Number of protein chains: 2
Amino acid sequence: MSVHQCPHAGKTSCMRPTSLQVESLINQAEQLCEQRQQRFTALRRRVLTLICQAESPMGAYQLLEFLQGDGRSAAPPTIYRALDFLMAQGLIHRLASNNTYLACAHPQQDHEAVFLVCQHCGQTQEIHTDGITHSVQEKASRYKFKVLHTSVEVAGLCAKCSPGFNPPSAGGLA
Amino acid sequence: MSVHQCPHAGKTSCMRPTSLQVESLINQAEQLCEQRQQRFTALRRRVLTLICQAESPMGAYQLLEFLQGDGRSAAPPTIYRALDFLMAQGLIHRLASNNTYLACAHPQQDHEAVFLVCQHCGQTQEIHTDGITHSVQEKASRYKFKVLHTSVEVAGLCAKCSPGFNPPSAGGLA
DNA sequence: AATGTTATGTTATAATATAACATAATATGA
DNA sequence: TCATATTATGTTATATTATAACATAACATT
Ligand SMILES: [Zn+2]
Ligand SMILES: [Zn+2]
Ligand SMILES: [Zn+2]
Ligand SMILES: [Zn+2]
């Protein structure tokens with residue numbers, strides 16, 4: 001049994017996964033859909049691939065342009081239906097703060113996630129943290145509020161885009 | 001010196017403030033704007049009043065309808081400019097998860113907030129919790145991510161809309 | 001093949017938000 | 001007060017994001 005090595009795990013900032021890593025994510029999605037008796041169609045595969053290959057989260061109409069570039073006939077419902085499916089399967093997430101979609105870093109398990117969204121370069125890191133989830137739960141319970149879904153989106157600057165960052169390979173001085 | 005009693009403070013669920021409480025919020029807004037040498041115009045006052053009076057967060061076009069009902073000439077930019085101003089002054093918040101706007105419960109101080117959004121009735125409670133803010137900060141710093149703004153929106157069911165709720169005045173049995 | 005189901009194509013439109021430029025109201029200084 | 005600058009609002013058009021409704025195609029099951 002080959003365990004999938006998540007391209008996001010253990011990295012300081014999210015890099016575009018290699019084509020091998022994308023392939024691995026797609027294979028994983030295919031397996032999940034098969035287990036759930038859901039159809040992982042060519043269109044859905046294509047959309048997930050585009051999202052996985054992207055440097056940062058993509059908008060629906062951006063993705064739509066790629067589909068149209070394929071020669072395929074594609075209108076807004078085409079992309080939104082694919083996105084809805086992928087979200088329902090937990091393969092992608094939607095960022096409400098900027099209306100974009102990104103691949104889930106850990107589609108295996110159901111989870112709440114926190115997103116660190118760089119305002120400069122757009123790169124977005126999905127992190128999982130029980131601490132935040134528990135804080136929310138605890139606070140909500142004091143208000144007798146039943147939590148169904150928590151959205152945490154953190155806007156800021158990633159390591160690369162923070163002032164004072166020097167790329168390691170540049171030597172750091174001049 | 002009369003201290004403003006926030007209509008949200010200490011409540012289990014957010015109720016529409018009384019007209020006296022709305023008035024108090026508006027007066028407070030007026031003072032804040034005066035301190036900052038910002039113009040609290042009739043339009044801005046009207047929009048803030050509408051938002052304060054609302055039972056739950058309101059959409060921009062909903063608010064726009066009210067302005068038009070006033071007999072006033074109003075187009076989308078009218079409402080969006082007012083909303084932008086009120087947000088810049090920290091008098092209202094925008095919920096990204098459902099594109100709505102609500103009055104800030106504590107416009108005095110700059111703060112990060114958590115919103116408990118009831119999916120059934122729409123009522124939304126703003127709460128302030130250092131615990132969540134600190135968890136986010138701590139997690140982000142591990143990724144060398146500089147936090148600028150944190151959005152936490154919790155979807156679920158408020159006390160009233162949770163299954164099994166009986167209004168206190170009904171006696172609780174039959 | 002006949003049938004039911006799911007997915008996709010297609011057209012139109014809804015909902016949310018902004019650009020660009022004109023006019024009006026307000027503030028500031030002579 | 002008047003001229004001037006600044007800020008706010010009016011107005012028209014358009015951009016962006018998303019869904020409704022119905023037709024056709026692909027797939028599954030018998
Ligand atoms: Zn995820
Ligand atoms: Zn960045
Ligand atoms: Zn607030
Ligand atoms: Zn409720």
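Everything quoted here is computed from the prediction, not taken from an experiment.
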* Could you walk me through whether Leu83(B) and Ile51(B) pass the side chain to side chain contact (heavy atoms under 4.5 Å, CB included) test, one step at a time? => CA-CA 10 Å; Leu83(B) 292 171; Ile51(B) 293 174; 3.8 Å; yes
* With sequence neighbours left out, write down each residue that passes side chain to side chain contact (heavy atoms under 4.5 Å, CB included) with Asn98(B), or none if nothing qualifies. => Leu95(B), Thr100(B), Val117(B)
* To do: Using ring pair (Phe, Tyr, Trp, His ring centres under 6.0 Å) as the criterion, list what pairs up with Phe40(B), not counting sequence neighbours.
  => none
* To do: Provide the full list of side chain to side chain donor-acceptor pair (under 3.5 Å) pairs with a residue in residues 70-84 of chain B, sequence neighbours left out, each pair given once.
  => Arg46(B)-Asp70(B)
* Kindly indicate, with the supporting measurements, whether the criterion side chain to side chain contact (heavy atoms under 4.5 Å, CB included) is fulfilled by Leu48(A) and Arg45(A). => CA-CA 5 Å; Leu48(A) 183 56; Arg45(A) 174 192 302 266; 5.9 Å; no
* **Partner set under ring pair (Phe, Tyr, Trp, His ring centres under 6.0 Å) for His128(A), not counting sequence neighbours** => His106(A), His111(A)
* **Between P of dG10(D) and CG of Asp70(B), the distance in whole Å** => 11 Å
* Asked: Quick one: ring pair (Phe, Tyr, Trp, His ring centres under 6.0 Å) partners of Phe85(A), sequence neighbours excluded?
  -> none
* To do: Would you jot down, in residue-number order, the residues of residues 34-42 of chain B having a non-hydrogen atom under 4.0 Å from DNA chain D?
  => Arg39(B), Thr41(B)
Polar atom pairs between nucleotides 16-18 of chain D and protein, under 3.5 Å, N or O only, would you list them?
{"residue": "dA18(D)", "atom": "OP1", "partner": "Arg94(A)", "partner atom": "NE", "Å": "3.2"}
{"residue": "dA18(D)", "atom": "OP1", "partner": "Arg94(A)", "partner atom": "NH2", "Å": "2.3"}
{"residue": "dA18(D)", "atom": "OP2", "partner": "Tyr80(A)", "partner atom": "OH", "Å": "2.9"}
{"residue": "dA18(D)", "atom": "OP2", "partner": "Tyr101(A)", "partner atom": "OH", "Å": "3.3"}
{"residue": "dA18(D)", "atom": "O5'", "partner": "Tyr80(A)", "partner atom": "OH", "Å": "3.3"}
{"residue": "dA18(D)", "atom": "N7", "partner": "Tyr61(A)", "partner atom": "OH", "Å": "2.5"}
{"residue": "dA18(D)", "atom": "N6", "partner": "Tyr61(A)", "partner atom": "OH", "Å": "3.4"}

* To do: Strictly below 4.0 Å, heavy-atom distances to any atom of DNA chain C: list the hits from residues 43-51 of chain A, or just say none.
  => Leu43(A), Arg44(A)
* Could you give all pairs that pass the salt bridge (Lys or Arg N to Asp or Glu O under 4.0 Å) test and reach residues 111-122 of chain A, with sequence neighbours left out? -> none
* Nearest-Å distance for atom pair CG/C1', residues Leu64(B) and dT11(D) -> 13 Å
* Under 4.5 Å side-chain linkage, directly or through intermediates, the cluster mates of Leu20(B) -> none
* Members sharing Leu157(B)'s hydrophobic cluster (side chains within less than 4.5 Å) -> Leu148(A)
* **Heavy-atom neighbours of Glu138(B) CD exceed 12 at 6.0 Å** => yes
* Between dT10(C) (C1') and Ile79(A) (CD1): distance, integer Å -> 16 Å
* For the pair Cys161(A) and Cys118(A), evaluate side chain to side chain contact (heavy atoms under 4.5 Å, CB included) and give the outcome as yes or no after the intermediate values. => CA-CA 8 Å; Cys161(A) 296; Cys118(A) 179; 3.7 Å; yes
* Can you find a pair of side-chain heavy atoms, one from Thr133(B) and one from Thr129(B), that are under 4.5 Å apart? -> no
* To do: Residues of residues 81-88 of chain B with any non-hydrogen atom less than 4.0 angstrom from an atom of DNA chain C: list those, numerically ordered, please.
  => Arg81(B)
* **DNA chain C: 5'-proximal contact among Arg72(A) and Pro77(B) (nearest heavy atom)** => Arg72(A)
